[in-house]
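To start, the structure under review is shown below, and the notes come after it.
Small disclaimer: the values here were computed from a predicted structure and weren't measured.
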Amino acid sequence: MGLLRRSPRPSAPPPGLRTPHSVWWWIVPGALLIGVAAWGTVQWLLQDLRQLPVPQQISARIEAMRTGLATAAGVGAAVTLMLAVRRQRHQELTAAHTTHDAAERRVTELYTKAIEQLGNAQAPVRLGGLYALERLAQDTPALRQTVVDVICAYLRMPYQAPAEEAREPGVPRGAVGGVARVGARHDPQEERQVRLTAQRILVDHLRYRPPAGRRGWRRPPDPNVRHWPGTRLDLTGATLIDLSLVGCRIGEAEFRGARFVGTAGFGGAVFTGAARFGGACFAGAAEFRGTDFTGAAEFGETLFCGDAEFGKARFTGPAWFGEATFTGTAWFGEAAFAATAGFSGATFTEEGGFGEATFTGTAEFGNALFTGGAWFRKAAFAGAARFGEVTFAGAAEFGETLFTGPAGFGGATFAGPAWFREAAFIGVAEFRAATFTSTVKFSGAKGLGTAELGGARLAAAADGMVRTFPPSWRVVPGADGWQTLRLTTVGERGGD
């Protein structure tokens, strides 16, 4: 199948395992040590010998020689013991080396056999290869990332889902990168089961449950014995069927150009590294509710054919949805964006909900298109909020929204009702060249006394259409039927 066939790198041999020096490197110094010990002992005992009578000198010399020989014997015994200990250590290391080599050969053989099984034309054989790799990785932590890489490589192989599953409404071919028709030797239905098994293996070892607290003096067993921490995924261009990574902990994840058939579930998942979904296609619902993106989250040019649920998601790093297309409902209610949130050029075909969302960094919505309603009620923008050139074809709800930084709506088009009731603008508010064609309500809005309104205009009001503006704004009729907005002058304020 052209699948990755790289053998796992063998682990290093046990520490201290080296070819020992020749025994002569120990015998010669040992003999010298014995001789020096005997000679030194004799010399020390005989240092005052001349002061004794001759008969006693002879007796002392004999005793000194005996003591020197005894000392030499003791030192020799110690050297012999050291040699025996070293020899035993060498034998143990040799046995460990032999066992290590045998284990490495076995791991390599199992890995190679499993890879060959994955390339087999029969689906049951491919399933056996997947399970063999899973068991090998579970028993050998050093091989886990390698096994994950192999499974991801298998899922990246060209595959076309069966006709009853491939029913995307108007999915452009360019958005389904990396997908081609399955080879003639693989039955689509059988291959589907193999791929579901591959996905299930990944999910089983990525799912994480917080350990329970201690109960009394007993520590409960760790529920994550099968969890493979720090696992990275590379599923670029892969076809994934009903993938559910709910509650999983994932390192760096690559899903660029991937095609998600059916529902894609990521609710409650934690991405500890960057999560890249640029150019991916979600044919069904995309569930990201409560997902924690610790690193950068990239969804640029992504196509969401079903509903996209990002409610209560947390984006610690930059979040990029530029040029993304949401053909279903897009919900980001109560989501938290700690860094830049980029939605420039995004298209929301149905409703786009950002109610009570928190934007700590810059919020970029320039040139976005909201065909349905755009709901930002009670959202909080701590940084700059940029809605320049945005088209609101449906209702635009910004009631009770807090704009701490600059709020830019220059060139925006409000074709439907625009509600800014009770909104608070602490930074500069800009509505230059903005266009309002329907109901407009700014009642109770604060901080608009210095708003920039140059070129802002209103279409003629229809019967029953209600429009309320801040007291500091003035509606000026135009000759072409359009009205313009400007700030009141000092004299006009005095006359009010």
Just by distance, do the side chain of [X] and the backbone of [Y] share a donor-acceptor pair under 3.5 Å?
| X | Y | answer |
| --- | --- | --- |
| R259 | I241 | no |
| Q138 | T140 | no |
| E309 | G311 | yes |
| T291 | F266 | yes |
| Q145 | R232 | yes |
| T437 | A415 | yes |
| T327 | F304 | yes |
| W473 | L448 | yes |
| T272 | I250 | yes |

Between F420 and F414, how do the two ring planes meet: parallel, tilted or perpendicular, split at 30° and 60°?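 Taking F414 first and then F420, their aromatic rings stand perpendicular (interplane angle over 60°).
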Under 3.5 Å, is there a donor-acceptor pair between the Y159 and R192 side chains?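 No, R192 and Y159 have no side-chain donor paired with an acceptor closer than 3.5 Å.
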Would F376 and F392 satisfy ring pair (Phe, Tyr, Trp, His ring centres under 6.0 Å), going step by step from the backbone distance to the final call? CA-CA 12 Å; F376 289 84; F392 298 95; 7.3 Å; no
[X] side chain near [Y] side chain, heavy-atom distance below 4.5 Å:
| X | Y | answer |
| --- | --- | --- |
| S344 | N367 | no |
| K441 | V466 | yes |
| L458 | T484 | no |
| W375 | E351 | yes |
| W228 | L206 | no |
| V148 | D234 | no |
| V440 | W419 | no |
| L303 | F282 | no |

Identify the heavy atoms of [X] and [Y] that sit nearest to each other, and give their distance.
| X | Y | value |
| --- | --- | --- |
| G251 | F271 | O-CD2, 4.3 Å |
| R195 | Y154 | NH2-O, 3.6 Å |
| T236 | R156 | O-CD, 3.2 Å |
| C281 | C305 | SG-SG, 4.5 Å |
| T316 | A339 | O-CB, 3.9 Å |
| A132 | A114 | CB-CB, 4.1 Å |

Taking atom [atom1] of [X] and atom [atom2] of [Y], what is their separation to the nearest 0.5 Å?
| X | Y | atom1 | atom2 | result |
| --- | --- | --- | --- | --- |
| R467 | S443 | CZ | OG | 14.5 Å |
| F409 | E430 | CZ | CD | 10.5 Å |
| L196 | I201 | CG | CD1 | 11.5 Å |
| R209 | R207 | CZ | CZ | 9.5 Å |
| F260 | D242 | CZ | CG | 12.0 Å |
| R276 | L235 | CZ | CG | 13.5 Å |

So which of F365, F359, F431 actually passes ring pair (Phe, Tyr, Trp, His ring centres under 6.0 Å) with F387?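 Running ring pair (Phe, Tyr, Trp, His ring centres under 6.0 Å) over F365, F359, F431 with F387 returns exactly one hit, F365.
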Check F354, F277, F348, F310 against F321 for a ring pair (Phe, Tyr, Trp, His ring centres under 6.0 Å) and give me the one that passes.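 Among F354, F277, F348, F310, the one meeting ring pair (Phe, Tyr, Trp, His ring centres under 6.0 Å) with F321 is F310.
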Walk me through it: do L155 and T239 pass the test side-chain contact (heavy atoms from CB on, under 4.5 Å)? CA-CA 7 Å; L155 291 173; T239 298; over 6 Å; no
Verify the ring-centre separation between F332 and F343: is it less than 6.0 angstrom?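 Ring centroids of F343 and F332 are less than 6.0 Å from each other.
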R386 and T362: CA distance, side-chain angles, deciding distance, side-chain contact (heavy atoms from CB on, under 4.5 Å) verdict: CA-CA 8 Å; R386 298 171 179 168; T362 300; 3.9 Å; yes
Could you go through R289 and W331, starting from their C-alpha distance and side-chain angles, then the distance that decides it, and tell me whether this counts as side-chain contact (heavy atoms from CB on, under 4.5 Å)? CA-CA 9 Å; R289 184 173 183 82; W331 178 249; 4.2 Å; yes
Note: [X]-[Y] ion pair, threshold 4.0 Å (strictly below):
| X | Y | result |
| --- | --- | --- |
| E190 | R126 | no |
| R377 | E422 | no |
| E452 | R432 | yes |
| E254 | R256 | yes |

In sequence, state the C-alpha distance, the side-chain angles, and the governing distance for E116 and N120, and then conclude on side chain to side chain donor-acceptor pair (under 3.5 Å). CA-CA 7 Å; E116 292 175 352; N120 195 280; over 6 Å; no
Would the number of heavy atoms belonging to other residues, nucleotides or ligands and lying under 6.0 Å from CD of E301 be above 12?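 Check fails, neighbour count at 12 or below.
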Given the rule in the side-chain contact (heavy atoms from CB on, under 4.5 Å) test, do L243 and F255 qualify, once you have shown the distances and angles that lead to the verdict? CA-CA 12 Å; L243 179 65; F255 291 94; 4.2 Å; yes
Under the criterion side-chain hydrogen bond (donor to acceptor under 3.5 Å, both in side chains), which of H205, R200, R144 is the partner of E134?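 Testing E134 for a side-chain hydrogen bond (donor to acceptor under 3.5 Å, both in side chains) against H205, R200, R144 leaves exactly one candidate, H205.
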